[in-house]
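Presented below is the structure to which this report refers.
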2 protein chains.
Amino acid sequence: MKKKIIIIEDIAAIREGFVAALQSTGKYSVINAYDSCEAALVNLHTDEPDVVLMDIELPGMDGIEGTARIKKEFANCIVLIITVLEDSEKVFQSLCAGAGGYIVKNSNIENIDQTIDEALRGGAPMSLSIAKMVVESFRREPNSPLSERETEVLQAIASGKSYSKIAQEIFVSKETVRTHIKNIYRKLEVSSKAEALRIANKNKWVNY
Amino acid sequence: MKKKIIIIEDIAAIREGFVAALQSTGKYSVINAYDSCEAALVNLHTDEPDVVLMDIELPGMDGIEGTARIKKEFANCIVLIITVLEDSEKVFQSLCAGAGGYIVKNSNIENIDQTIDEALRGGAPMSLSIAKMVVESFRREPNSPLSERETEVLQAIASGKSYSKIAQEIFVSKETVRTHIKNIYRKLEVSSKAEALRIANKNKWVNY
DNA sequence: GCTGTATCCCCCAATTTGGGGGATTTTTAA
DNA sequence: TTAAAAATCCCCCAAATTGGGGGATACAGC
């Protein structure tokens with residue numbers, strides 16, 4: 001039996017292009033094509049798609065939120081992101097939301113077909129440039145105002161450890177950890193763990 | 001002026017193969033070749049390499065720790081990991097340690113040359129399979145014992161927020177958050193934030 | 001000498017945390 | 001339909017944590 005596919009893409013020309021391309025292969029059953037996530041979600045339980053081709057930039061609910069909603073209902077449904085701009089933050093977010101891979105917007109029919117095939121076989125189809133983007137987003141930024149020790153302490157804070165626990169692990173007194181924290185707060189101009197982590201994470205001074 | 005390269009690889013045949021390959025291009029100045037990180041580190045300040053080719057599996061200090069040590073001393077030095085086995089955990093760790101890219105162990109001369117070139121131009125050379133490995137390591141595992149709400153709460157804990165703060169953000173009372181935490185602890189058989197995060201992170205039930 | 005880093009100490013008060021006991025409603029699954 | 005699970009809220013308690021303030025010493029680099 002043919003795999004059921006739906007398409008969510010707001011630009012009619014692109015949307016219809018995908019529909020035509022998929023139907024021309026004869027391998028898939030294109031159930032529906034929508035111009036918004038909202039529209040797609042109301043029919044989700046009748047469509048029961050195996051694969052969703054999802055644009056990331058959509059009016060109203062964006063493709064990231066849409067991916068999350070669909071995966072919540074149908075965990076086995078594969079959501080492939082149709083993307084043209086390569087914004088590492090959005091690519092990363094959509095991966096976290098459960099995206100199964102990426103289709104470049106101006107792909108030809110064979111390319112799209114191959115991508116869907118790979119996804120159905122359990123792979124994570126994506127271009128090297130997209131994969132690299134995500135990988136590079138985990139590189140530390142070198143211009144941190146925090147010293148090595150401070151970064152180490154903040155890293156430990158990020159994993160939920162208490163000051164005493166951190167002190168034990170890095171073989172210093174609890175007071176030393178507290179001093180480091182105070183200095184971190186002063187440098188980042190914050191006054192709580194959450195704020196410090198938010199700043200440091202945003203600037204990639206700490207890794208998760 | 002030629003870029004200065006050192007090689008750290010414990011298997012003599014492979015090490016010498018790389019040396020020969022690099023010298024044959026005439027583009028690089030191979031300063032030294034070592035069979036361990038320890039040996040390389042003592043000469044690091046006299047070698048002053050622009051590029052380090054680093055094996056990941058080494059006796060004594062492994063390539064990940066070695067990469068971290070080198071990047072600590074010379075932040076601008078590019079460390080390229082020579083790898084054959086594709087262990088996603090190690091690949092990810094070496095990226096966090098500051099690796100600039102990957103060279104497949106049985107690469108030919110042109111390939112190695114291209115890889116180094118790309119790294120020097122500021123790219124992150126790596127095979128698609130390696131990039132994918134890292135990307136896939138950020139996918140959530142679906143078999144979490146935690147409910148959606150509990151995952152949400154634990155996620156917030158990971159970002160250093162207090163119970164009260166979390167309560168505000170998800171529009172419930174502090175007591176509700178406390179109940180969720182209690183249930184998380186019961187399910188994971190732990191009794192602290194750090195332990196819960198360790199378990200949930202290891203099993204990819206939460207993303208950093 | 002000054003600045004930054006790393007280490008340690010004290011005080012204080014508010015907040016947080018973990019553990020124990022409950023409770024209700026809604027949703028989900030058997 | 002009935003039971004289990006999830007989500008919500010409440011109380012009590014005591015220990016631990018946290019943030020802010022004030023110090024101190026030592027060691028590096030400029």
Side-chain angles (χ1 to χ4, degrees), chain A residues 41 44-45 68-69 71-76 140 142-200 205-206, chain B residues 45 72-75 140 142-200 205-206:
Chain A
L41 284 167
L44 196 61
H45 283 264
R69 299 280 184 100
K71 293 296 283 189
K72 195 170 138 186
E73 304 286 326
F74 294 96
N76 294 325
R140 289 260 190 94
N143 56 343
S144 171
L146 303 180
S147 74
E148 235 179 275
R149 205 51 154 173
E150 287 161 356
T151 305
E152 198 180 355
V153 168
L154 196 52
Q155 202 85 264
I157 292 286
S159 63
K161 299 191 179 83
S162 70
Y163 295 176
S164 337
K165 195 88 186 169
I166 297 168
Q168 277 175 35
E169 281 184 15
I170 65 175
F171 305 107
V172 295
S173 115
K174 187 187 349 184
E175 292 302 322
T176 305
V177 175
R178 281 167 51 71
T179 305
H180 286 313
I181 302 272
K182 286 176 193 174
N183 290 331
I184 292 168
Y185 286 2
R186 184 178 42 75
K187 285 180 181 177
L188 305 187
E189 297 178 80
V190 296
S191 57
S192 72
K193 300 196 279 187
E195 288 173 290
L197 285 175
R198 190 178 50 76
I199 302 264
W205 297 330
V206 293
Chain B
H45 283 264
K72 195 169 135 186
E73 303 285 327
F74 294 96
R140 289 260 191 93
N143 56 343
S144 170
L146 303 181
S147 74
E148 236 179 274
R149 205 50 154 173
E150 286 161 358
T151 305
E152 198 180 353
V153 169
L154 197 52
Q155 202 86 263
I157 292 286
S159 63
K161 299 192 179 82
S162 70
Y163 295 176
S164 338
K165 193 91 188 168
I166 297 168
Q168 278 175 33
E169 282 185 14
I170 65 175
F171 305 106
V172 296
S173 112
K174 189 190 343 187
E175 293 302 323
T176 305
V177 176
R178 281 168 49 69
T179 306
H180 286 313
I181 302 273
K182 285 175 193 174
N183 289 332
I184 291 168
Y185 286 1
R186 184 178 41 75
K187 285 180 180 176
L188 305 186
E189 298 178 80
V190 297
S191 55
S192 72
K193 302 196 278 186
E195 288 172 290
L197 284 174
R198 191 178 49 77
I199 303 265
W205 296 331
V206 294

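A, B, ... follow the sequence lines: proteins, then strands. Residue 1 opens every chain.
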Rounded at 0.5 Å granularity, tell me how far [atom1] in [X] sits from [atom2] in [Y].
X: Ile199(A); Y: Ile184(A); atom1: CD1; atom2: CD1; answer: 12.5 Å
X: Ser162(B); Y: Lys193(B); atom1: OG; atom2: NZ; answer: 7.5 Å
X: Leu154(B); Y: His180(B); atom1: CG; atom2: NE2; answer: 12.0 Å
X: Ile181(B); Y: Ser191(B); atom1: CD1; atom2: OG; answer: 12.5 Å
X: Arg178(A); Y: Asn183(A); atom1: CZ; atom2: CG; answer: 12.0 Å

Item to check | By side chain to side chain donor-acceptor pair (under 3.5 Å) - contacts of Lys161(B) (at least two apart) | outcome: Ser159(B)
Checklist outcome for this item: From the list Lys182(B), Lys187(B), Arg186(B), salt bridge (charged side-chain N to carboxylate O under 4.0 Å, His left out) partner of Glu150(B) resolves to Lys187(B)
Over how many whole Å does the gap from [X] atom [atom1] to [N] atom [atom2] extend?
X: Leu188(B); N: dG18(C); atom1: CG; atom2: P; value: 13 Å
X: Lys187(B); N: dA7(D); atom1: NZ; atom2: C1'; value: 11 Å
X: Leu146(A); N: dA6(C); atom1: CG; atom2: C1'; value: 14 Å
X: Glu150(B); N: dT8(D); atom1: CD; atom2: P; value: 10 Å

Checklist entry - Charged N to carboxylate O below 4.0 Å: is that the case for Glu152(B) and Arg149(B)? => result yes
Are there any protein N/O atoms within less than 3.5 Å of an N/O atom in nucleotides 27-30 of chain D, and if so, which ones and at what distance?
none

Checklist entry - If every non-hydrogen atom of Trp205(A) is compared with every non-hydrogen atom of Thr151(A), which pair is closest and at what distance? => result O-CG2, 3.5 Å
Checklist entry - What's the shortest heavy-atom distance between Ala158(B) and Leu197(B), and which atoms? => result CB-CD2, 3.6 Å
Set out, line by line, the N/O atom pairs under 3.5 Å between protein and nucleotides 26-28 of chain C.
none

Next on the checklist: Quick check: on DNA chain C, is the nucleotide nearest Arg186(A) upstream (toward 5') of the one nearest Phe171(A), or the reverse? Name the residue that is more 5'.
Outcome noted: Arg186(A)
Checklist entry - Tell me, do Pro145(B) and Leu188(B) make a side-chain contact under 4.5 Å, heavy atoms counted? => result yes
Checklist entry - Below 4.0 angstrom from OP1 or OP2 of dA6(D), is there any side-chain N or O of His180(B)? => result no
Next on the checklist: For a quick check, with a 4.0 angstrom heavy-atom cut-off, what is the B/S/- contact string for nucleotides 10-23 of chain D, read 5' to 3'?
Outcome noted: BBB----SSBBBB-
Checklist entry - Between the two ends of the helix from dG1(C)-dC30(D) to dA30(C)-dT1(D), what is the bend in degrees, rounded to 10 degrees, where each end axis spans five pairs? => result 70°
Give every donor-acceptor pair under 3.5 Å between a side-chain atom in residues 163-176 of chain B and any protein atom, sequence neighbours left out.
unit_1, atom_1, unit_2, atom_2, d
Ser173(B), OG, Glu175(B), N, 2.9
Ser173(B), OG, Thr176(B), N, 3.4

